[in-house]
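Throughout, a chain's letter reflects where its sequence line sits, starting with A, and its residues are numbered from 1. Bear in mind that the values here come from a model prediction, so they are computed numbers and not experimental data. Heavy atoms only: backbone and side chains are in, while hydrogens, waters and symmetry mates are out.
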Protein chains: 2
Amino acid sequence: MERVVERLSRLPGVGRRSAQRIGFYLLKSPPQEAQELSEAIHAQKASTRQCSQCFDIAETDPCPICADSRRDHQQILVVEQPSDVAMVEAMGAYRGVYHVLMGRLAPLEGVGPGELTIEPLLQRVARERIGEVIIGTNPTFDGDGTALYLARRLEASGAKVSRLARGLAIGSSLETSSKAALAEALEGRRPMGG
Amino acid sequence: MERVVERLSRLPGVGRRSAQRIGFYLLKSPPQEAQELSEAIHAQKASTRQCSQCFDIAETDPCPICADSRRDHQQILVVEQPSDVAMVEAMGAYRGVYHVLMGRLAPLEGVGPGELTIEPLLQRVARERIGEVIIGTNPTFDGDGTALYLARRLEASGAKVSRLARGLAIGSSLETSSKAALAEALEGRRPMGG
């Protein structure tokens, strides 16, 4: 029991109390249910791997996106996590490919460039004569630091380097926006075509 | 009782049920409390007016912002409501002046240009040789329509017309952003300086 609680409590959003509740639930449930959960977890892990091109998690290598010849392989959107790829794919308007950093630079937590897939990105950009690298790290302190670091490292690559737009989120309002978001929206204001 | 409930239920965020609760609360409370509320409402109304330059609500005309010679009177930020002025002032980084539209164009609700302070804005821009008009309507369907209408009407004025930046809000993440916000952030991506 202690072992399963300890393991469950490592999952994101599962505290020790929830882990204990799940542990007791599994104890009381039919053996088949625990068996099926255990097998599903094992099968998921056994059937997924990291794409050797973009480092996204998929069932095949290369992943279906990297293997899709109808996508624009000269345009790379760099994101922090596999879940970000899923979000952008759900949005549906992006036709290029991805590169998953598997995190963001966080010097205070000991996450440096070597912990991320930055070297493979630089090699990929150099090797494949990439036209545009769109940096899609999160608009946070660490995400901004990572974006600046990547832009600097990509300077000499010849690829155009851009970043997702910042400002007021569509559907929001001035009243519900933070001071920092308002300041960015004002600072980054754009000319309206005459 | 019915009269106070009817009036209270017109206030934003106060439904008929809350209005009844407030009505009963006032019935039960000491006469002095109701009297003071009544006087406070009356005094607020009696002591405020609309600034004849920017149409913000203030205790003086011109309002303290329009009367402040240290602000940049050649730069006008156009917002929908007086509460938007308060938000931008709280942010603290804006040094120009304002123009309050007192709403936004909403053809389906019968709100046309004549219902807003658009003509006074155009006259003000022409008369005072304004350098830049920053359109700060909300990033919503109606706010966007209003922004486009204003940009068109300001075309011939000679003033630079810009709009608050759109995209991912600082501190948010790709995972928590809407599809529409992601699509705008991708579409509006900006070059990162080399």
I'd like to know if Val4(A) and Tyr25(A) are part of one continuous hydrophobic network [Ile/Leu/Val/Met/Phe/Trp/Tyr, side-chain heavy atoms within less than 4.5 Å].
yes
With chain B as the partner, which of Val79(A), Leu182(A), Ile170(A), Thr137(A) has the greatest number of non-hydrogen pairs under 4.5 Å?
Ile170(A)
Any chance CZ of Arg7(B) has more than 12 other-residue heavy atoms, nucleotides or ligands included, within less than 6.0 Å?
no
Nearest 0.5 Å, please: how far is CD in Glu89(B) from NZ in Lys179(A)?
11.5 Å
Shortest non-hydrogen contact from Pro139(A) to Ser173(B)?
CD-CA, 4.1 Å
Does a side-chain heavy-atom distance below 4.5 Å link Arg189(B) with Glu132(A)?
yes
Only one of Leu150(B), Val133(B), Val161(B), Leu154(B) clears side-chain contact (heavy atoms from CB on, under 4.5 Å) with Met192(A); which?
Val161(B)
Got more than 12 heavy atoms from elsewhere within 6.0 Å of CD, Gln32(B)?
no
Glu187(B) atom CD, neighbour heavy-atom count above 12 within 6.0 Å:
no
Leu186(A) portion near chain B, given a 4.5 angstrom heavy-atom threshold
both
OG-CE distance between Ser178(B) and Met87(A), expressed to the nearest 0.5 angstrom
8.0 Å
State plainly whether one hydrophobic cluster holds both Phe141(B) and Val111(B), where clusters connect Ile, Leu, Val, Met, Phe, Trp and Tyr through side-chain heavy atoms under 4.5 angstrom apart.
no
Which value, rounded to the nearest 0.5 Å, describes the distance between Leu174(A) atom CG and Met91(B) atom CE?
8.5 Å
Side-chain donor or acceptor of Asn138(A) paired with backbone N/O of Gly171(B) under 3.5 Å:
no
To check you understand the geometry: which heavy-atom pair defines the closest contact between Ala165(A) and Gly188(B), and what is its length?
CB-O, 3.3 Å
Proximal component of Tyr94(A), with respect to chain B [non-hydrogen, under 4.5 Å]
both
Which portion of Ala147(A) sits near chain B, non-hydrogen atoms under 4.5 angstrom:
both
Same apolar cluster: Ile57(A) and Val88(A), side chain cutoff 4.5 Å
no
Using non-hydrogen atoms and a 4.5 Å limit, figure out which bit of Ile134(B) sits close to chain A: side chain, backbone, both or neither.
side chain
Roughly how far, to the nearest 0.5 Å, is CG of Leu168(B) from CD of Glu184(A)?
10.0 Å
When heavy-atom pairs shorter than 4.5 Å are enumerated against chain B, which of Ala86(A), Ser172(A), Ser83(A) gives the highest number?
Ser172(A)
Highest number of heavy-atom pairs under 4.5 Å with chain B among Ala181(A), Ser177(A), Ala169(A) belongs to Ala169(A)
Straight-line distance of Arg190(A) CZ to Arg163(B) CZ, nearest 0.5 Å:
12.0 Å
Hphob cluster co-occupancy, Val125(A) + Leu148(A), side-chain heavy atoms under 4.5 angstrom:
yes
